[in-house]
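The first residue in the sequence is number 1, and the count goes up from there. Fair warning: this is a prediction, and the values are worked out from it, not measured in the lab. Counting starts at 1 for both ligands and their atoms, following the listed order.
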Amino acid sequence: MPVSRDDVLSALQRVHDPELHRDLLSLNRLSHLDIGDDGRVSVGIRLESLNSPVKQRVREDIQQQLGAVAGVTGVEIEFASGLSTTQPAGGSGKKPQGKPEPAAPQEQARASNPLPDIKHIIAVGAGKGGVGKSTIAVNLAVALAREGQKVGLLDGDIYGPSLPTMLGTESIPPKAVGQMIIPYNVHGIKAMSVGSLVEEDQALIWRGPMAHGAFRQLATQTSWGELDTLVIDLPPGTGDVPLTLAQLLPLTGAVVVCTPQKVAQDDARRAVSMFRQLGIDVLGLVENMSYFIGDDGKEYDIFGRGGAQMLAQQMGVPFLGTVPINTALRRNADAGDPTANFTADDQLGAELTGVARALVQQVRAHELDERFTPPTVNVHG
Ligand code: ADP
């Protein structure tokens, strides 16, 4: 019986670094994966050092997980020292023989960063539309600004830009100085949307190369100035824009928004995998529309609260928090007044701020990871 590559990758995803509590794939530790016709699986794993105290435990966990995959007849593990930021090997087929691994899109972006005055760039994505991705992006940006950060918000959802409505900038004409667009200064943040630059129905018809160009222009020709964080609202799903983004801008990471029901989790899982394949760290999952609080004060689990949290656990992704279905959140979005979410409703403000604070923690953890990553030295052993 042939061994399924997906089954092997899923099994490896269940093996966690015992110190970092994250799975080997999201930590980009897989250097190669070969599956023989005879069912023998050979995996290469990068560790900080060949003397790493976690080596034995990782070896045992891999043996155990892969041993349980249908059709596997033997497992060979090769450790290498030195952590790498190149593309995870999981999705890229066989180990390239004698050639260096191809640079991940993020490596390209790091080498030619067009926005060096921005400390952290964070993409907000979702597996499908309508889960509240733009709502979370807007409110994360406003919450981070209320926590004292200089924040920008870029509407990268070029096929269905909703930020002009959600920020109340619909009727304000954009300004430019020379080639540069001046972002709107609203709700304590700087914001720009393709919806402010083109007619509403024009935005829907971008084809691949146009979408690429529109996103690039929007990101690099907006006068952001110095920012602590630029939040980018991506289109839903796994299309052209995330790839363009990954090649263009060095990201601190991505946030994936998900509603709790099972069908939404499957889409979110794909979004997480996409970010990982692009070499983008997933900083966390947000469960939106988690539950509903009725007029009677009772909490109703309409979509099966906790589903996204479970998914986060399964995928080894941090969980950033839940946001309930809240009529005021929808009303304030339609009215273009996200500030009201923080000033008029204490509980909602606290929930949104909680998600933003959890994100800040993950950004700090990411900074520490980066600082302590030693240079790559590939010594097989
Ligand atoms: P997406 O960007 O994923 O397509 P949006 O952020 O545009 O989704 O949200 C879709 C609709 O749902 C909007 O009308 C928004 O105001 C509403 N919405 C999103 N999250 C919530 C929530 N937690 N409670 C109430 N309404 C919400």
Worksheet item: Would you say Gly130 contacts ligand 1, with heavy atoms under 4.0 Å as the rule?
Response: yes
Practice prompt. Check if Ala137 has a non-hydrogen atom at a distance under 4.0 Å from any atom of ligand 1.
Written response: no
Discussion item. Determine whether any protein heavy atom is located less than 4.0 Å from atom 25 (C) of ligand 1.
Written reply: yes
Check: [X] N/O within less than 3.5 Å of ligand 1 N/O:
X: Val323; value: no
X: Asn326; value: yes
X: Leu329; value: no
X: Thr135; value: yes
X: Ser134; value: yes
X: Asn288; value: yes

For [X], the ligand 1 atoms whose distance to one of its heavy atoms is below 4.0 Å:
X: Ala333; result: 16 (O)
X: Met166; result: 5 (P), 6 (O), 7 (O)
X: Lys133; result: 1 (P), 2 (O), 3 (O), 6 (O), 8 (O)
X: Pro324; result: 22 (C), 23 (N), 24 (N)

Response to the item:
Judged by heavy atoms only, the candidate from Arg331, Glu351, Met289 nearest atom 27 (C) of ligand 1 is Met289
Would you list the atom pairs, donor with acceptor, under 3.5 Å between side chains in residues 63-73 and any protein atom, with sequence neighbours excluded?
{"from": "Gln65", "atom 1": "OE1", "to": "Arg14", "atom 2": "NE", "distance (Å)": "3.1"}
{"from": "Thr73", "atom 1": "OG1", "to": "Asp38", "atom 2": "O", "distance (Å)": "2.8"}
{"from": "Thr73", "atom 1": "OG1", "to": "Gly39", "atom 2": "O", "distance (Å)": "3.3"}
{"from": "Thr73", "atom 1": "OG1", "to": "Arg40", "atom 2": "N", "distance (Å)": "3.4"}

Fill in: Main-chain N/O of Ala340 paired with His187 side-chain donor or acceptor, under 3.5 Å
no
Worksheet entry | Side chain to side chain, Gln13 and Gln314, heavy atoms closer than 4.5 Å | no
Discussion item. Counting non-hydrogen protein atoms only, what is the nearest one to atom 8 (O) of ligand 1? Give residue, atom name and distance.
Written reply: Gly132 N, 3.1 Å
Worksheet item: In the protein, what heavy atom is nearest to atom 14 (O) of ligand 1, and what distance, to one decimal place, separates them?
Response: Arg330 CG, 3.9 Å
Practice prompt. Begin with the C-alpha distance, continue with both residues' side-chain angles, and end with the deciding distance and a verdict on salt bridge (charged side-chain N to carboxylate O under 4.0 Å, His left out) for Lys119 and Asp228.
Written response: CA-CA 5 Å; Lys119 280 192 208 139; Asp228 295 304; 2.9 Å; yes
Discussion item. Between the side chains of Arg57 and Asp61, is the shortest nitrogen-to-carboxylate-oxygen separation below 4.0 Å, so that they form an ion pair?
Written reply: yes
Practice prompt. State plainly whether the residues Arg331 and Asp334 are in salt-bridge range, i.e. N to O under 4.0 Å.
Written response: no
Practice prompt. Determine, using the 4.5 Å side-chain heavy-atom cutoff (strictly less than), whether Ile158 and Leu243 are members of one ILVMFWY cluster.
Written response: yes
Worksheet item: When hydrophobic residues are tied together by side-chain contacts of less than 4.5 Å, even through go-betweens, does Ile172 share a cluster with Leu167?
Response: yes
Practice prompt. Take Ile189 and Val151 through the side chain to side chain contact (heavy atoms under 4.5 Å, CB included) test and state the conclusion after the steps.
Written response: CA-CA 5 Å; Ile189 61 174; Val151 181; 3.9 Å; yes
Discussion item. Atom CG of residue position Asp296 - does it have more than 12 heavy atoms of other residues, nucleotides or ligands inside 6.0 Å?
Written reply: yes
